[in-house]
Amino acid sequence: MISALMPTFKRADLAFERGEGAWLYTADGRRFLDFGAGIAVSALGHGHPRLVAAIAEQAARVIHVSNLYHIPQAETLAEKLVAHSFADSVFFCNSGAEANEGMVKMMRRDQARRGHSERTRIICCDGAFHGRTIAMLAATGNPAYLDGFGEPAPGFDHVPFNNLNMLRAAITPETAGVMVELIQGESGIKQADAHFIRGLRQVCDEFGLLLAFDEVQTGMGRTGKLFAHEWYDVKPDIISVAKGIGGGFPMGAILATEEVASHMTPGSHGSTFGGNPLACAAGNAVIDAILAPGFLEHVQTTGAAFGEMLSLLAKDWPEIFELARGRGLIWGLRCKPPVGEVLNAALHEGLLCVTAGDNVLRLVPPLNVTNEECREACLRLSRAAQKLTDAMKGASE
Ligand SMILES: *Cc1c(COP(=O)(O)O)cnc(C)c1O
């Protein structure tokens with residue numbers, strides 16, 4: 001008989017009762033080091049006092065009022081995002097896919113209002129992940145995700161990641177813009193080349209296209225800058241954000257330049273829940289922590305140290321780990337055995353990770369993780385590698 005909870009996820013046989021920092025505890029008292037952070041969501045770790053207090057206090061005052069009224073918490077959060085980014089205006093929603101949907105609408109609307117209503121198509125990259133809604137499935141383009149869900153939504157073209165010539169060749173009179181990730185997370189922590197991203201800006205300017213970055217996973221400090229595109233010195237027209245922005249409270253956002261945002265007049269887009277007082281109280285607590293002096297530097301230095309530890313780990317266990325790649329606190333360890341086996345072995349050592357494509361183990365700890373905890377994670381990975389090696393030897397004997 002089917003479970004009451006629809007079986008769309010293959011779940012580990014574990015449930016957590018509480019968390020503290022980078023640690024999660026089961027009801028029977030077992031302790032796990034959380035380097036998955038709920039899929040790069042729990043930016044401040046678990047039980048962060050200021051985040052918890054902000055949510056509790058706001059929940060006691062008022063949780064939701066709708067966007068029919070002013071929401072001071074949303075205005076404050078938008079002002080902070082605008083003050084610290086390329087953007088002039090922000091729209092709040094509730095998830096990554098929803099942010100990307102809205103982003104595509106805004107790209108089309110901008111083209112239409114500038115007299116190019118024929119420009120509706122978005123160029124995306126192979127290996128992309130943009131979410132699971134009908135349109136974002138088509139933008140993602142992964143055949144496995146599309147299977148059984150009918151005709152993919154029209155309007156999305158795909159080119160190989162990091163290939164500027166192919167992208168240029170894919171532009172048609174119907175192209176509205178380009179949507180890419182700075183680091184493809186879901187398909188295995190693959191970084192965009194500086195040459196590609198800078199070239200995209202030039203190509204978009206040349207053809208009058210919009211440049212959109214999906215920063216759902218890379219935004220909000222994950223790479224050591226507030227947004228990953230800052231590393232490239234490139235100014236986008238619009239970006240989407242989600243995952244870490246609410247520190248675990250469901251939230252998404254679209255950040256746009258005035259040019260793009262100015263076409264989004266009352267009634268043009270909406271969300272019942274988007275930017276409600278509770279979500280924005282969480283968002284404000286998170287961004288205040290991220291923008292506090294030293295926080296992003298901590299992500300950079302801890303991330304760099306963690307990357308070095310992972311590279312050494314890969315050298316120590318060449319039969320298990322092929323290489324480490326990433327930036328800030330988003331790292332991938334490419335595995336030799338099936339990554340699912342490595343994930344399970346790590347789990348047995350009390351370390352939580354996430355898998356990604358290309359047989360990669362994804363390590364995305366809370367952004368306030370300590371150097372010590374990174375060292376501990378590597379120790380546990382090393383123990384997992386030892387067990388896997390022993391099992392492989394045992395099987396071949
Ligand atoms: C997770 C993710 C999404 C989808 O976000 P949801 O909140 O699950 O809808 C979209 N794009 C990227 C890059 C992501 O990592």
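Every heavy atom of this structure was used, including side-chain atoms; hydrogens, water molecules and symmetry mates were not. Start at 1 and go down the list; that is how both ligands and their atoms are numbered.
Interface atoms of ligand 1 facing Gln217, defined by a heavy-atom separation under 4.0 Å, are 15 (O). When each atom of ligand 1 is checked for a heavy atom of Ser95 under 4.0 Å away, the hits are 7 (O), 9 (O).
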* To do: Start with the C-alpha distance between Arg109 and Thr265, add both sets of side-chain angles, then the distance that settles side chain to side chain donor-acceptor pair (under 3.5 Å), and finish with yes or no.
  => CA-CA 11 Å; Arg109 178 92 161 194; Thr265 47; 3.3 Å; yes
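Contact annotation for Glu181 and ligand 1: only side-chain heavy atoms (C-beta onward) come within less than 4.0 Å of the ligand. Contact annotation for Asn100 and ligand 1: only side-chain heavy atoms (C-beta onward) come within less than 4.0 Å of the ligand.
For atom 14 (C) of ligand 1, the closest non-hydrogen atom on the protein side is Lys243 NZ, 2.9 Å. Regarding atom 5 (O) of ligand 1, its nearest protein heavy-atom neighbour is Gly96 CA, 3.3 Å. Given atom 9 (O) of ligand 1, the protein heavy atom at minimum distance is Ala97 N, 2.7 Å. The single protein non-hydrogen atom nearest to atom 11 (N) of ligand 1 is Asp214 OD2, 2.8 Å, given as residue, atom name and distance. Here the protein heavy atom with the shortest distance to atom 12 (C) of ligand 1 is Phe129 O, 3.3 Å.
With Asp358 contributing its side chain and Val360 its backbone, the two residues share no donor-acceptor pair below 3.5 Å.
The number of heavy-atom neighbours closer than 6.0 Å to CD of Glu206, taken from other residues, nucleotides and ligands shown, is above 12.
Within a 4.0 Å radius of atom 7 (O) of ligand 1, the protein contributes one or more non-hydrogen atoms.
With salt bridges taken as basic N to acidic carboxylate O contacts below 4.0 Å, none links Glu349 and Arg380. Taking the charged nitrogens against the carboxylate oxygens, Glu181 and Lys190 have no contact shorter than 4.0 Å, which rules out a salt bridge.
Between Phe16 and His46, the ring centre distance reaches or exceeds 6.0 Å.
By the rule that hydrophobic residues join a cluster once side-chain heavy atoms approach within less than 4.5 Å of another member, Leu77 and Phe91 end up as members of separate clusters.
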